[in-house]
Amino acid sequence: MHQITAQSSPIAAASGRGDRLAPDAAILFAYGTLQFDAVLEALVGRIPKQVPASAPGWRAASLEGRVYPGLVAAPGSAAPGVLFTDLSRREWTILDAFEDDRYDLREVTLTSGERGLAYVWPDGEVLEEDWDAEQFRTRHLGEYAARCARIAPGLIAGAGH
């Protein structure tokens, strides 16, 4: 398994949405729609290298009125997902622009002991049930990936600055 070097803070200090990624942004832990190849292809045009991972003390919760989940603290649980290990700065910028403004980008410790950045849902609209990735795949993935493909040009244009 790859080694993640400790960084003082891979998250931008500024609270402004414009640049919440530090220049040396680390590894991304994805637990929701970014686990699906069709979504990644639509957004960044390729499937980044990834390894299975899970985040103990967290769960991918269903959110009211949304087809995507939110990562919320949950002692005794572990959110399954993947760790992206080779995102370029441009790809990070695209994915960050894609994520809902309400998410906080925070470092989480994974079951392996490694750390990665994850989009954490701050509060509100959290349902008791966990998000069901297979249900998303069968009911929403096609339409969701098509929507991602439609908005990707605007995200990519924003990443070019």
Side-chain angles (χ1 to χ4, degrees), residues 1-2 4 10-12 15 17 20-21 25-87 91-152 154-156 158-159:
M1 188 157 290
H2 64 282
I4 299 174
I11 304 167
S15 61
R17 172 79 184 155
R20 64 179 169 182
L21 295 176
I27 308 297
L28 176 63
F29 173 68
Y31 56 87
T33 62
L34 292 179
Q35 296 179 91
F36 292 91
D37 289 354
V39 173
L40 292 165
E41 284 276 3
L43 293 171
V44 299
R46 72 179 187 100
I47 309 304
K49 290 180 186 173
Q50 54 194 274
V51 294
S54 64
W58 298 92
R59 73 180 182 97
S62 290
L63 300 174
E64 187 177 313
R66 293 175 167 82
V67 299
Y68 53 85
L71 191 66
V72 297
S77 293
V82 296
L83 200 59
F84 294 120
T85 61
D86 72 337
L87 292 174
E91 289 166 337
W92 258 109
T93 303
I94 291 167
L95 295 178
D96 191 59
F98 169 72
E99 291 297 339
D100 189 301
D101 286 349
R102 288 190 50 198
Y103 284 103
D104 293 327
L105 187 59
R106 295 191 17 206
E107 190 174 72
V108 296
T109 301
L110 305 170
T111 304
S112 65
E114 295 173 295
R115 293 186 308 229
L117 295 177
Y119 288 96
V120 175
W121 190 256
D123 59 24
E125 303 164 273
V126 175
L127 301 177
E128 287 189 29
E129 66 267 10
D130 288 345
W131 183 71
D132 186 328
E134 191 53 39
Q135 183 179 52
F136 173 81
R137 177 191 315 274
T138 59
R139 292 186 182 176
H140 304 288
L141 179 58
E143 181 181 321
Y144 193 85
R147 177 185 167 272
C148 290
R150 286 191 304 273
I151 66 169
L155 299 175
I156 292 165

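Small disclaimer: the values here were computed from a predicted structure and weren't measured. Side chains are part of it too, since the values below use all heavy atoms of this structure and drop only hydrogens, waters and symmetry mates. All residue numbers refer to positions in the sequence shown, counting from 1.
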Main chain of [Y], side chain of [X]: is a donor-acceptor contact present, judged purely on distance under 3.5 Å?
X	Y	result
Arg102	Asp123	yes
Gln50	Pro48	yes
Asp104	Pro122	no
Thr111	Ser54	yes

(message) Between Glu143 and Val67, is the side-chain contact (heavy atoms from CB on, under 4.5 Å) condition met? List the steps.
(response) CA-CA 11 Å; Glu143 181 181 321; Val67 299; over 6 Å; no
(message) Can you classify the ring geometry of Tyr144 versus Phe136 as parallel (below 30°), tilted (30 to 60°) or perpendicular (above 60°)?
(response) perpendicular
(request) Hey, can you tell me if Tyr68 and Tyr103 have their rings parallel, tilted or perpendicular (30° and 60° cut-offs)? (result)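 Tilted, since the angle between the ring planes falls between 30° and 60°.
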Does [X] reach the side chain of [Y], with side-chain heavy atoms less than 4.5 Å apart?
X	Y	result
Phe98	Val44	no
Val82	Leu34	no
Glu91	Leu28	no
Arg59	Val126	yes
Leu83	Glu114	yes

Can you measure from [atom1] ([X]) to [atom2] ([Y]) and round to the nearest 0.5 angstrom?
X	Y	atom1	atom2	result
Glu99	Trp121	CD	CH2	10.0 Å
Thr93	Leu87	OG1	CG	10.5 Å
Trp92	Leu105	CH2	CG	5.5 Å
Trp58	Thr109	CH2	OG1	9.5 Å
Ile27	Phe84	CD1	CZ	11.0 Å
Arg147	His140	CZ	NE2	13.0 Å

Which heavy atom in [X] sits nearest to a heavy atom in [Y], and how many Å separate them?
X	Y	answer
Phe29	Ala79	CZ-O, 3.4 Å
Phe36	Ala133	CZ-O, 3.5 Å
Ala42	Cys148	CB-CB, 3.8 Å
Leu43	Ile94	O-CG2, 3.6 Å
Ala53	Leu110	CB-CD1, 4.2 Å
Ala60	Leu71	N-CD1, 4.3 Å

(message) Take a 6.0 Å sphere around CZ of Arg46 and say whether it holds more than 12 heavy atoms from other residues, nucleotides or ligands.
(response) yes
(request) Flag yes if more than 12 heavy atoms outside Glu129 fall under 6.0 Å of its CD atom; otherwise flag no. (result) yes
(message) The test is side-chain contact (heavy atoms from CB on, under 4.5 Å); show your working for Tyr119 and Asp96 and say whether it passes.
(response) CA-CA 9 Å; Tyr119 288 96; Asp96 191 59; 2.7 Å; yes
